[in-house]
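Here is the structure we will look at.
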Amino acid sequence: MRNLESEKDVKHHTEHVESASLGPDKETTRDVDEQYTDGDDGVPVTGWRKLMRKNPSLDFMREVAEANAQPLDPVEVKKVERKLYWLIVPPLFIDYAFYYIDKTTLQYAALFDMKTDLKLVGTDYSNLGSIFYVGWLVWAIPGNLLLAKFPLSKYLAINIFLWGIFLMAQAGAKDYGTMVALRFVSGMFEAVADPCFVSITSMWFTRRQQPTVIGLWYCANGVGIALGGLLGYAIGHIPTSSMASWRYEFLIIGAVCSLWAIAMAVLIPDAPYATRFLTRREAVVCMSRKRDDYHTVEKRQLKMDQVWEAIKDLKTYLYFFLGFFANVPNGATSNFGTLVVQGLGFDTFRTTLLQVPYGMFIAIMILVAIYISHLTHAYNIRTYLMAGVTCLTVLGFALMAFTTGTAPRLIGYYLTGSSNAVFVLALSLVSGNVGGTTKKVLTTAAIFLGVAAGNIVGPYSFISSEAPIYRTGTIVCMASRAAEVVVILLLRLCFVRPNKQRDKLFAEGDERYDPMGQTYTDMTDKQNTHWRYVGESSSFSWAR
């Protein structure tokens with residue numbers, strides 16, 4: 001039984017900013033009026049307010065509701081989805097490659113005498129790794145709340161452009177204090193990147209597709225590491241008579257990031273109902289195919305009841321700790337990884353090249369994980385898969401900490417890259433298991449607050465006096481990964497219990513808990529009794 005709201009209810013819950021008038025052929029034309037309105041009062045929006053995120057028109061909402069009342073043509077859906085993959089995934093992939101190259105630039109600069117030139121001593125280098133995420137932490141919540149106000153792709157592009165500018169500025173740093181300030185500001189502009197990527201993915205793709213799509217653009221993490229190694233090798237061979245090699249590292253990568261941001265603002269559309277890359281019918285199909293995801297059309301709004309629910313929900317804090325324990329090791333390896341490899345006896349240039357197979361291993365692990373997740377979707381064992389892959393990272397850090405040979409320690413270092421596959425699946429849990437626009441924004445912010453906190457703590461576990469072995473740091477990373485397994489299993493428990501309870505009530509005849517039911521209001525996963533969590537067991541998981 002599907003619960004369709006009356007047109008009056010749809011109108012009540014729709015804030016229409018985009019005023020669309022349909023042409024005679026809805027299949028092939030997209031005749032959009034440029035007069036935007038705010039709310040239901042029909043007052044035109046003028047001036048700078050046109051830059052704000054546009055809500056769907058009442059006409060568009062009505063068309064989606066009508067499409068949801070009948071089956072979609074599978075051929076038509078496949079055609080639209082093929083277009084979406086080419087429209088969204090490649091730009092996100094390139095964005096994320098730059099994003100990760102940017103974050104690892106510091107460790108490559110450290111190989112080329114940056115620490116000597118800036119006279120870094122004691123914990124100064126660790127401070128540079130951590131201060132980046134202090135800026136991230138400061139801006140995480142306000143920056144993420146702005147996601148509900150501004151067009152996603154444009155907002156992301158502006159931030160990418162600015163982090164490129166400040167990365168270039170780091171090339172001109174003359175002392176430790178200047179570099180600290182620049183790293184702090186750079187972290188602020190990167191705080192919204194991951195949440196933007198996740199929000200864009202959840203807007204365009206179904207819950208079943210999200211792990212695959214997130215995995216595809218997250219593969220750029222490994223590609224970024226590999227490219228970073230190649231770039232480091234190439235930049236290291238630039239003649240240094242006029243400027244040190246590490247300064248070229250910041251300057252060149254920052255310039256490329258800023259140039260790409262301009263292209264990205266044009267390539268990625270802001271929403272299905274606000275792009276000319278899709279026909280009107282394609283935009284409707286894009287949204288209607290998500291009917292079984294408890295998904296409503298994204299709207300610009302901030303609901304206080306959803307704020308309080310996010311604060312009171314135990315899963316919000318588990319998401320925070322998931323981000324934290326996953327990124328204590330990341331904060332360490334992303335700043336000290338090359339130094340650890342160099343400590344195995346390799347010279348500077350060979351150390352940069354050894355990052356290439358490390359990055360490729362990460363990309364392969366991500367692809368394998370999302371493929372297994374796709375194959376086992378009907379069994380809802382995503383959390384078990386996450387826990388299993390995390391155990392590989394525990395083994396990797398154990399090899400680094402407790403063996404002495406070059407080969408086992410290097411293999412252990414590569415195995416730690418498996419964690420990236422786990423985080424891909426973790427992001428898909430957030431995007432697919434949180435209902436409500438406001439709650440999803442805050443929950444996404446929670447996991448990335450944990451990411452920032454973990455990256456702040458991680459570098460300090462690597463004590464400079466223990467170089468190049470850093471045994472304390474590797475043991476801390478191993479313990480953090482073990483704690484991550486515990487958090488994953490606790491999250492699974494939080495998914496299983498409500499699913500089983502709702503399945504039981506529906507089996508007893510309560511239609512309010514029908515897993516096939518629909519709603520067109522902006523409801524959270526707790527408010528929507530039709531909701532079932534993914535990544536766990538459910539008697540009715542086949543319905544998803």
Side-chain angles (χ1 to χ4, degrees), residues 94-115 117-118 120 124-125 127-140 143 155-194 196-197 220-221 223-236 238 240 242-265 330-331 334-335 337-338 352 355 359 451-452 455-456 459:
I94 297 172
D95 282 352
Y96 211 79
F98 285 133
Y99 175 54
Y100 211 80
I101 290 172
D102 177 20
K103 289 203 298 183
T104 57
T105 300
L106 184 70
Q107 66 171 327
Y108 292 111
L111 289 175
F112 294 103
D113 299 325
M114 182 195 73
K115 293 199 289 185
D117 289 354
L118 295 183
L120 304 184
D124 287 352
Y125 181 69
N127 293 342
L128 291 180
S130 295
I131 197 66
F132 178 91
Y133 290 97
V134 173
W136 176 317
L137 196 63
V138 166
W139 189 243
Y155 185 58
L156 177 59
I158 289 171
N159 281 273
I160 292 174
F161 182 82
L162 290 173
W163 89 45
I165 293 295
F166 280 93
L167 193 64
M168 286 189 286
Q170 290 174 51
K174 300 297 184 183
D175 52 42
Y176 168 71
T178 303
M179 185 63 87
V180 166
L182 292 171
R183 294 281 296 171
F184 176 86
V185 177
S186 293
M188 289 180 62
F189 288 118
E190 292 201 24
V192 302
D194 274 316
C196 270
F197 290 132
N221 184 325
V223 174
I225 291 174
L227 286 176
L230 292 173
L231 286 170
Y233 182 83
I235 292 171
I238 295 176
T240 59
S242 59
M243 189 165 58
S245 294
W246 67 268
R247 297 186 187 276
Y248 283 111
E249 188 86 23
F250 288 111
L251 191 62
I252 293 173
I253 293 174
V256 174
C257 283
S258 292
L259 288 173
W260 169 250
I262 298 171
M264 177 261 178
N330 183 69
S334 64
N335 292 288
T338 55
T352 61
Q355 297 304 302
V451 168
N455 277 288
I456 291 170

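The shown structure was predicted, so the numbers you read here are calculated from the model rather than taken from an experiment.
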4.5 Å side-chain heavy-atom contact, Leu128 and Gln170: no
For Met168 and Ser258, work out which heavy atoms get closest and say how close. CE-OG, 4.2 Å
To the nearest 0.5 Å, atom CE of Met179 lies from atom CZ of Phe250 at 4.5 Å
So CD1 of Ile160 and CG of Asp95: to nearest 0.5 Å the spacing works out to 4.0 Å
Determine the interplanar angle of the Trp136 and Tyr133 rings, folded into 0 to 90°, and report it as parallel if under 30°, tilted if 30 to 60°, perpendicular if over 60°. tilted
Taking the side chain as C-beta and beyond, is there a heavy-atom pair between Tyr96 and Val223 under 4.5 Å? no
Ile165 side chain near Phe189 side chain, heavy-atom distance below 4.5 Å: no
Student check: side-chain heavy atoms of Met114 and Leu106 closer than 4.5 Å: yes
Out of curiosity, Asp113 CG to Trp246 CH2, how far, rounded to the nearest 0.5 Å? 10.5 Å
Do you know the tightest heavy-atom contact between Ser130 and Pro459? OG-CG, 3.6 Å
State the CD1-CG distance between Ile252 and Leu167, to the nearest 0.5 angstrom. 11.0 Å
Distance in Å, Ile131 CD1 paired with Ile456 CD1, rounded so as to fall on 0.5 Å steps: 8.0 Å
Return the minimal non-hydrogen interatomic distance between Trp163 and Ala193, and the atom names on each side. CZ3-CB, 3.9 Å
Close side-chain approach of Phe98 and Val256, heavy atoms under 4.5 Å: yes
What distance separates Arg247 CZ from Ser245 OG, expressed to the nearest 0.5 Å? 11.0 Å
